[in-house]
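What follows is a set of notes on a single structure, which appears directly below.
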Protein chains: 2
Amino acid sequence: MTFFLRRKIHQMNIVSYNLNGLRSALSKGLADWVATAQPDVLCVQEIKAGRELLDVSRLTDLGYHAYLHPAQKPGYSGVATFSKEKPLAVTEGCGQALYDTEGRVLRLDFAHCAVLNTYMPSGTSGPERQAFKVEWLHFFRRYVAGLRAAGVPPLVVAGDFNCCQRELDLHNPKANQKSPGFTPEERQWFQNLLADGFTDSFRHHHGDAPQRYSWWSYRAGSRARNVGWRLDHLLVDNCLVPHIRHADLLPDVVHSDHCPASLLLEF
Amino acid sequence: MTFFLRRKIHQMNIVSYNLNGLRSALSKGLADWVATAQPDVLCVQEIKAGRELLDVSRLTDLGYHAYLHPAQKPGYSGVATFSKEKPLAVTEGCGQALYDTEGRVLRLDFAHCAVLNTYMPSGTSGPERQAFKVEWLHFFRRYVAGLRAAGVPPLVVAGDFNCCQRELDLHNPKANQKSPGFTPEERQWFQNLLADGFTDSFRHHHGDAPQRYSWWSYRAGSRARNVGWRLDHLLVDNCLVPHIRHADLLPDVVHSDHCPASLLLEF
DNA sequence: CGTCTTAGG
DNA sequence: CCTATGACG
């Protein structure tokens, strides 16, 4: 008879989900799905409401700690992270008022990793916001580099990036070379971010699987025809790659124009 | 065998209906109801859209002539009258810019009567609008007197009066002595208007029938409990009283927070 | 509570 | 198309 001596396995199931309104998603049964899926960390974006208007008891009743980082403007943007385990530290915002008033970053630090929930700006409403987005993207790389230098635990960057890198990340790459979210500048930025030492967990797990998207326009029945984009990502610090057990997109889960992206880490 | 010599009977079925949005009401099947009810003259209030946004083909396809008098402000107020018979004359507004920009009066003249479609101001949004309403009410009596003096055909005043006169016209008269729509001032005004030579066709036909309302708040399930007010009226010039054949409220017709009020005249 | 609006996506 | 808002009722 042989005995194996090993430490206790710790699994972390992390989900990123742009809800297009937390209240709307709750009204469509979000809490029931969460009760079934049981993510350990649930990062949501576009909560579109502040603390006064939000009732997250349906989620805290499931045993989650709730951390909200709403935008200043009513009905706009905002992120929230729900965690089964109480984090060692919570950091609201990135220290830049320009971004923090828009509720775009929320970090939870755990023993084995830090989960950085982010909602990156959309550029679709015009050139002004596209310029704002590009500035944010450059800021974000510097910001992440600073976190690393400061000794924050290895990062999981979870969120709606509002951009993707490769042609197979969207249904119609040819027609969208100039569209916000797939400009050469944004694709290059994404590549640079990966070169900084991050891994796209979905691609790591699924290779070049085509037609796997996380967002579909509400218009023209895009979702039914799978005319989508992969905008929601779970990037991990390269040092976490050996811990990836699974990564996926859950297009059958429908509370929003996005679907959840999930990642299972094992420590 | 006996022969009766008599002129051809002419019936006019007139309906007044506050739609709380003509587009919304159409989306709930208004045209199907109109096709069944076949009013000769349909007076609607709160159309809440201008000509560019409205598609009334579902009604004109039923054989109606359409006359619109929208407000200037988008999504606000406005009246429209639909008539099977082409009127002899159509008068948009009352000549007062203060009221005509809010789309509150539209008159169609026929051989036997004139149908004055009116949406009287609501006072519920504050004392400023209640004062505006009271000024309107006084103006309206003078205006109607002027029409009479000018030799307009005998009037049917059809519309949402946003007020009622007697305690049996609302579910909770005691609690609403100071509420806009049932203030002593408005009740007195209503009595004065009747004293000017008008008859409330519903009361003429139904006497003191209680609990007959035309509006219910959307809040707190008021309509299911019949907690309502009778705000929509078809007043007729006293000279038309011998022609009243029927008058009613149709609470089972639901496209709005109001229900239709109807009047059958025979000439 | 519900129909409009406008902003944002 | 969809979720927010704010005005109005």
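Letters go in sequence order (proteins before strands), and every chain restarts at 1. Quick caveat, the model's predicted, so the values are computed rather than measured.
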Is [Y] paired with [X] through a side-chain N to carboxylate O contact shorter than 4.0 Å?
X      : Y      : result
B/E46  : B/R104 : no
B/D257 : B/R223 : no
A/R23  : A/D55  : no
A/K174 : A/E167 : yes

Expressed in angstrom and rounded to an integer, what is the separation of [X] atom [atom1] from [N] atom [atom2]?
X      : N     : atom1 : atom2 : result
A/H255 : D/dT3 : NE2   : P     : 13 Å
B/L30  : C/dT3 : CG    : C1'   : 15 Å
B/Q130 : D/dC8 : CD    : P     : 16 Å
A/L26  : D/dA4 : CG    : P     : 10 Å
B/K133 : D/dG9 : NZ    : C1'   : 11 Å
A/E52  : D/dT5 : CD    : P     : 10 Å
A/Q72  : D/dA4 : CD    : C1'   : 17 Å
A/W215 : D/dC1 : CH2   : P     : 14 Å

Side chains of A/W33 and A/Y17: does their closest heavy-atom pair fall under 4.5 Å? yes

When all nucleic acid strands are considered with a 4.0 Å heavy-atom cut-off, which category describes B/L53: base, sugar-phosphate, or nothing? sugar-phosphate

Report all interatomic pairs (protein N or O, nucleotide N or O of nucleotides 7-9 of chain C) with separations under 3.5 Å.
unit_1, atom_1, unit_2, atom_2, d
C/dG8, OP1, A/K73, NZ, 2.7
C/dG9, OP1, A/Y76, OH, 2.9
C/dG9, OP2, A/S125, OG, 2.9
C/dG9, O6, A/R219, NH2, 3.0
C/dG9, N1, A/R219, NH2, 3.1

Quick check: closest heavy atoms across B/V41 and B/S83, and the distance to 0.1 Å? CG2-OG, 4.3 Å

Residue met sooner reading DNA chain D from 5', once A/S24 and A/A220 are mapped to nucleotides: A/A220

Under 6.0 Å between the ring centres of A/F161 and A/F190? yes

Is there a side-chain polar atom (N or O) of B/R23 under 4.0 Å from OP1 or OP2 of C/dG2? no

Is there a side-chain polar atom (N or O) of B/S217 under 4.0 Å from OP1 or OP2 of C/dC1? no

